[in-house]
> 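One structure follows; several queries about it will come next.
One is the number of the first residue; the rest follow in order along the sequence.
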Amino acid sequence: MAFGEGGGDATAPLISSDGPKRHLNIVRNGNEWTASAHVITAVIGSGVLSLAWSMAQLGWVAGPGMMVVFASVTALQSTIFADCYRSPDPEHGPHRNRTYAHAVERNLGSNSAWVCQFLQQTALFGYGIAYTITASISFRAILKANCYHAHGHDAPCSFDGSYYMLMFGGVQLLLSSIPDFHDMAWLSVVAAVMSFSYAFIGLGLGLANTISNGVIKGSITGVPMKTPVAKVWRVSQAIGDIAFAYPYSLILLEIQDTLKSPPAENKTMKKASIISILVTTFFYLCCGCFGYAAFGNDAPGNLLTGFGFYEPYWLIDFANACIILHLLGGYQVYSQPIYQFADRHFAERYPGSGFVNDFHTVKVPLLPPYRVNLLRVCFRTAYVASTTAVAIFFPYFNEILALLGALNFWPLAIYFPVEMYFIQRKVPRWSTRWLLLQGFSTVCLLISAFALVGSIQGVISQKLG
């Protein structure tokens, strides 16, 4: 199956609700500010909650330094990647590459495109797992805060997370009936507001606790471990968590496809990337540093759960409720590309199948009629069930985030953008620019491999322990 044409302004055909193919009229009126808003909304998510823990593992020097390093890498990566939107010329090329896979196929060939597609789908599936785990943690945090408030901090307040993962999965089954991105704008808006709400609350609570302590906790080297090897594993997991929080290569070209021109889309996207990375880095440094300053070596894996103060408990409840609402929308944002890929793939492979292509009208009392497709119901139900099952089996917040960050960082955020840049800009082999970028890619590969080994060790030790 081809990934679709990218020429001119033509749009890829989609299967409509009444059977025949149709074309969407795309209106591109975005600018650097709307693109910055999209990036900030997508990047500031559950990853911000693990940054205080990451700071605690790295210490006051390496912690902020590593955040600045990843911010710089993301800035360079996004600048390179923005030039891949149009082909063959990054500013005036007639062919638009609206998705990551389109860009890879046009520049590097179909084999590379399928590898990219596989990595993307794996990463998106991983986000579903991570969001399910995080939602269950927030559910339990609300119950714990209320329990401690009612019975004191010494009360045996413990709750099974599996039940709340199943609840979250059940709600996702309902939300998965939303056909596609064009029908879920309201959900994205709610998720974005909730994302900023709980991030600001986490920052404010960390600052308030630091002031009430009267001392800045933490150390230069971070949390001491029993052995140097154990320290190395923790450092690698912390790097993986930071890697999870930063790059947004999975959605960069989709955001760039919303921009108007002139000016050229790549120029606008580069400005938007710099703006959003500066805002995000400031926010991350504040959350990570204030969280570490407040709790020191006891910084929790999730800033809003498990830490030492429980009042005002209603604010903790509200923050965790915001997390849950954000994750409900975030899960759908990262799942929709998989849903759309499945819809296109099966429709093209089985064009005469009624199970794949027919829609049926369902009437529910007090609700408007709804069009149901059996393939969508079965595939999306199986998808939600699978992410929920894996989350129940591996309910480890920091380790899973680190694993996802390490897996995605080098291939999707570095390797493919750099290789496409060589093609787009016709960079000669062994030239100074070629050597510098290859060196940059190699260093990022080593960092990603280091974080990957540590995160795998963390998941295994958690499971066996």
> Closest approach of Ala299 and Ala56, non-hydrogen atoms and distance?
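Taking every non-hydrogen atom into account, CB-CB, 3.9 Å.
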
> Taking only residues two or more places apart in sequence or in another chain, which ones pass ring-ring contact (aromatic ring centres under 6.0 Å, His included) with Phe318?
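Once residues adjacent in sequence are excluded, Phe318 has no partner under the ring-ring contact (aromatic ring centres under 6.0 Å, His included) criterion.
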
> Out of curiosity, Glu105 CD to Asn111 CG, how far, rounded to the nearest 0.5 Å?
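Spacing of CD (Glu105) from CG (Asn111) equals 10.0 Å.
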
> What closest approach, in Å, do Ala101 and Ala113 show between heavy atoms, and which atom pair accounts for it?
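Taking every non-hydrogen atom into account, O-CB, 3.9 Å.
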
> Has the side chain of Asn97 got a donor or acceptor atom that lies under 3.5 Å from a matching backbone atom of Arg106?
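It does not hold such a pair.
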
> Report the relative orientation of the aromatic rings in Tyr100 and Phe81; use parallel for angles under 30°, tilted for 30 to 60°, perpendicular for over 60°.
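If you compare the ring of Tyr100 with that of Phe81, the planes turn out tilted.
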
> Going by heavy atoms in the side chains, are Val223 and Asp298 under 4.5 Å from each other?
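The answer is no, as the side chains (C-beta and beyond) never meet within the 4.5 Å cut-off.
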
> Quick one: does Val73's side chain get under 4.5 Å of Cys444's, heavy atoms only?
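Result yes, sub-4.5 Å side-chain heavy-atom pair found.
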
> Counting distance only, does the side-chain N/O of Thr74 pair as donor-acceptor with the main-chain N or O of Phe70 below 3.5 Å?
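Looks like yes, one N/O pair under 3.5 Å.
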
> Counting N and O atoms only, with roles assigned by atom type, does the side chain of Thr281 sit under 3.5 Å from a partner on the main chain of Leu278, one being a donor and the other an acceptor?
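Judged by distance alone, no pair lies under 3.5 Å.
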
> Are any of the side-chain heavy atoms of Tyr163 and Arg140 separated by less than 4.5 Å?
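The answer is no; the side chains never approach within 4.5 Å.
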
> Using modelled atom types only, decide if a donor and an acceptor are shared between the side chain of Lys231 and the backbone of Gln57 within a distance under 3.5 Å.
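Side chain of Lys231 to backbone of Gln57, a donor-acceptor pair under 3.5 Å: yes, one is there.
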
> Roughly how far, to the nearest 0.5 Å, is the SG atom of Cys289 from the OH atom of Tyr284?
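Spacing of OH (Tyr284) from SG (Cys289) equals 14.0 Å.
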
> For Ile242 versus Ser54, what's the shortest heavy-atom pair and its separation?
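Heavy-atom minimum between the residues: CG1-CB, 4.0 Å.
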
> Rounded to the nearest 0.5 Å, how far does CD of Gln256 lie from OG1 of Thr268?
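Thr268 atom OG1 to Gln256 atom CD measures 8.5 Å (nearest 0.5 Å).
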
> Tell me if the centroids of the rings in Phe139 and Phe168 come within less than 6.0 Å of each other.
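They do not qualify: ring centres at least 6.0 Å apart.
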
> Heavy-atom distance under 4.5 Å between the side chains of Phe379 and Ile338, does that happen here?
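Touching, per the 4.5 Å side-chain cut-off.
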
> Which pairs with one or both residues in residues 324-359 pass disulfide (SG to SG under 2.5 Å), sequence neighbours excluded?
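For residues 324-359: none.
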
> For a quick test of reading the model, state the closest non-hydrogen atom pair linking Ala123 to Leu412 and the distance between them.
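For Ala123 and Leu412, the tightest heavy-atom pair comes out as CB-CD1, 4.3 Å.
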
> Which one of Thr388, Val377, Thr381 satisfies the side chain to side chain contact (heavy atoms under 4.5 Å, CB included) criterion with Leu173?
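Answer to the side chain to side chain contact (heavy atoms under 4.5 Å, CB included) test with Leu173 among Thr388, Val377, Thr381: Thr381.
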
> Apply ring-ring contact (aromatic ring centres under 6.0 Å, His included) to Tyr85 and list each qualifying residue two or more places apart in sequence or on a separate chain.
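Testing Tyr85 for ring-ring contact (aromatic ring centres under 6.0 Å, His included), a comparison that skips the adjacent residues, returns none.
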
> Show, in sequence, the C-alpha distance, side-chain angles and deciding distance for Leu51 and Asp241, and conclude whether the side-chain contact (heavy atoms from CB on, under 4.5 Å) test is met.
CA-CA 7 Å; Leu51 294 179; Asp241 281 344; 5.7 Å; no

> Out of curiosity, Tyr164 OH to Ile142 CD1, how far, rounded to the nearest 0.5 Å?
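Atom-to-atom, Tyr164:OH and Ile142:CD1 are 10.0 Å apart.
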
> Assess the residue pair Ile324 and Leu327 against the criterion (side-chain contact (heavy atoms from CB on, under 4.5 Å)); give the C-alpha distance rounded to whole Å, side-chain angles, the decisive distance to 0.1 Å, and a yes or no.
CA-CA 5 Å; Ile324 294 169; Leu327 295 174; 5.6 Å; no

> What class does the angle between the rings of Tyr127 and Tyr131 fall in, given that below 30° is parallel, 30 to 60° is tilted and above 60° is perpendicular?
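Tyr127 vs Tyr131 ring planes: perpendicular.
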
> Drop me the distance from Ser236's OG to Phe450's CZ, to the nearest 0.5 angstrom.
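Reported value, rounded in 0.5 Å steps: 4.5 Å.
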
> Would you call Asp343 and Arg380 a salt bridge, taking side-chain N to carboxylate O under 4.0 Å as the test?
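So Asp343 pairs with Arg380 through a salt bridge.
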
> If I take atom CG from residue Asp317 and atom SG from residue Cys322, how far apart are they, to the nearest 0.5 angstrom?
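Going from the CG atom of Asp317 to the SG atom of Cys322 covers 11.0 Å.
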
> Is the closest side-chain heavy-atom distance between Ile447 and Ile239 below 4.5 Å?
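A side-chain contact exists here, since the closest heavy-atom pair is under 4.5 Å.
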
> Can you confirm whether Val453 sits close enough to Trp233 that some side-chain heavy atom of one is under 4.5 Å from a side-chain heavy atom of the other?
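Yes; the side chains approach each other to less than 4.5 Å.
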
> Using a 4.5 Å cut-off on heavy atoms from C-beta on, say whether the side chain of Tyr339 contacts that of Tyr383.
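A side-chain contact under 4.5 Å exists here.
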
> Between Phe416 and Leu119, is a side-chain contact (heavy atoms from CB on, under 4.5 Å) present by the stated rule, with each step listed?
CA-CA 11 Å; Phe416 283 122; Leu119 292 172; 4.1 Å; yes

> Are any of the side-chain heavy atoms of Gln121 and Phe341 separated by less than 4.5 Å?
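Gln121 reaches Phe341 side chain to side chain.
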
